[in-house]
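What follows is a short report on a single structure.
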Amino acid sequence: MSGGRGARRVDRVPAITSERLELVSLSPTFMEALLAGDRPQATALAGHALPDGWPDRHDGAFLRLRARQLRDDPGAQEWLVRGLVLREDGRPMVGHAGFHGPPGVNAVARPDAVELGYTIFPPYRGRGYASEAVRALIGWARGERGIRRFVASVAPDNAPSLAIVRKLGFVETGRHWDEEDGEELELQLELGDEPA
Ligand SMILES: CC(C)(COP(=O)(O)OP(=O)(O)OC[C@H]1O[C@@H](n2cnc3c(N)ncnc32)[C@H](O)[C@@H]1OP(=O)(O)O)[C@@H](O)C(=O)NCCC(=O)NCCS
């Protein structure tokens with residue numbers, strides 16, 4: 001979709017595209033409309049379908065946190081949450097993914113690292129969408145921003161999420177207690193000098 005003047009989307013962060021997905025940056029204006037309950041405006045700004053009932057309480061709190069981050073640092077938008085939109089008719093949104101913030105915002109407090117977060121809505125799980133989105137985010141951060149170190153914090157009983165990051169080469173480096181999510185394993189991936 002065009003991001004030019006007059007286009008429906010008002011943010012200027014380009015989407016990341018993978019084989020089946022478009023990773024569409026959620027702009028502050030979109031999040032404000034959505035959180036205010038203005039779905040027509042949010043849908044018009046998004047340019048893709050919004051799932052019924054989304055955001056639920058959990059995702060509402062998550063989006064409020066990201067909206068606050070964006071108010072404090074508008075330049076952080078390219079790192080933050082993206083809608084995962086299927087590249088097919090109807091453009092359904094199947095989940096969201098992004099980094100917790102720009103480099104330095106991560107559970108292991110490394111200034112050169114970014115931390116991943118991802119959710120696939122239940123009807124769309126088990127089809128490889130989270131793996132594809134995480135690969136696309138890592139490829140973008142490595143190729144466009146020179147990031148080599150990636151972090152994921154995953155609950156020890158979250159087998160699908162552990163499968164995703166382990167498959168990509170993440171290794172466990174520690175664990176911590178998260179006020180909201182309880183115990184989490186810290187996993188890290190360090191890429192070498194190979195081309196992106
Ligand atoms: C975790 C989550 C994002 C996975 O989404 P998804 O699109 O279904 O994931 P994928 O299909 O890309 O991959 C899932 C992997 O887990 C594996 N898996 C699924 N259930 C599993 C289980 N019970 N035990 C072990 N592995 C399992 C799948 O086989 C697949 O691995 P494979 O590609 O090697 O076959 C999704 O379950 C979700 O949104 N959960 C709630 C939010 C969450 O936990 N986010 C992550 C926070 S760290």
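Both counts, for ligands and for their atoms, begin at 1 and track the order of listing. We number each residue from 1, following the sequence as shown.
For atom 41 (C) of ligand 1, a protein heavy-atom neighbour is found at a distance under 4.0 Å. In this structure, atom 8 (O) of ligand 1 has a protein heavy-atom contact shorter than 4.0 Å. Of the protein's heavy atoms, none falls inside 4.0 Å of atom 29 (O) of ligand 1.
Residues I147 and L191 are not in side-chain contact: their nearest non-hydrogen atoms beyond the backbone lie 4.5 Å or more apart. Using a 4.5 Å heavy-atom cutoff, the side chains of E190 and F150 are not in contact.
Between R20 and E132 a salt bridge is recorded (basic side-chain N to carboxylate O distance below 4.0 Å). Looking at E184 and R175, no side-chain N of the basic residue comes within less than 4.0 Å of a carboxylate O on the acidic one, giving no salt bridge.
For the pair E132 and ligand 1, the shortest N or O to N or O distance does not fall below 3.5 Å. Inclusion of T119 in the set of residues having an N or O under 3.5 Å from an N or O of ligand 1 is not warranted. In terms of N/O distances under 3.5 Å, ligand 1 is not approached by V154.
Between the side chain of E115 and the backbone N or O of A107, at least one donor-acceptor pair lies under 3.5 Å. With hydrogens and angles ignored, the 3.5 Å screen pairs a side-chain donor or acceptor of R91 with a backbone N or O of G47. Judged by distance alone, with hydrogens and angles left aside, the side-chain atoms of R82 form a donor-acceptor pair with the main-chain N or O of L23 at under 3.5 Å. Counting only distance, with no hydrogens or angles, the side chain of R87 and the backbone of S18 share a donor-acceptor pair below 3.5 Å. Using modelled atom types, no side-chain atom of Q69 and backbone atom of Q77 make a donor-acceptor pair closer than 3.5 Å. Checked by atom type and distance alone, the side chain of N106 never pairs as donor or acceptor with a backbone atom of V151 at under 3.5 Å.
Ligand 1 has at least one atom lying under 4.0 Å from a heavy atom of S153.
When non-hydrogen atoms are compared, ligand 1 lies under 4.0 Å from the backbone of R127 (N, CA, C, O) but not from its side chain. Heavy atoms from both the backbone and the side chain of A130 come within less than 4.0 Å of ligand 1. Heavy atoms of L162 found under 4.0 angstrom from ligand 1: none, in either backbone or side chain.
In terms of protein heavy-atom proximity, atom 39 (O) of ligand 1 is closest to I120 N, 2.8 Å. For atom 45 (N) of ligand 1, the nearest non-hydrogen atom of the protein is Y118 O, 2.7 Å. Closest to atom 17 (C) of ligand 1, if we only count protein heavy atoms, is A163 CB, 3.9 Å. Ranking protein heavy atoms by distance to atom 36 (C) of ligand 1, first place goes to R125 NE, 3.5 Å. Among protein heavy atoms, the minimum distance from atom 31 (O) of ligand 1 is reached at K167 NZ, 4.0 Å. Regarding atom 44 (O) of ligand 1, its nearest protein heavy-atom neighbour is N158 ND2, 2.7 Å.
Between P122, P160, G117, S161, it is P160 that holds the heavy atom closest to atom 19 (C) of ligand 1. If you check each of G126, G128, A159 against atom 22 (C) of ligand 1, the one with the closest non-hydrogen atom is A159.
Close approach of ligand 1 to S131 (heavy-atom distance below 4.0 Å) involves ligand atoms 10 (P), 12 (O), 13 (O). Atoms of ligand 1 lying under 4.0 Å from at least one heavy atom of Y129, given by number and element, are 7 (O), 12 (O). Annotation for ligand 1: atoms under 4.0 Å from non-hydrogen atoms of I164 are 4 (C), 9 (O), 13 (O), 14 (C).
Within a 6.0 Å radius of CD in E180, other residues, nucleotides and ligands contribute 12 heavy atoms or fewer.
Residues E186 and S153 have side chains that never bring a donor and an acceptor to within less than 3.5 angstrom of each other.
In this structure, Y124 and Y129 approach most closely via the heavy-atom pair O-CD1, 3.5 Å.
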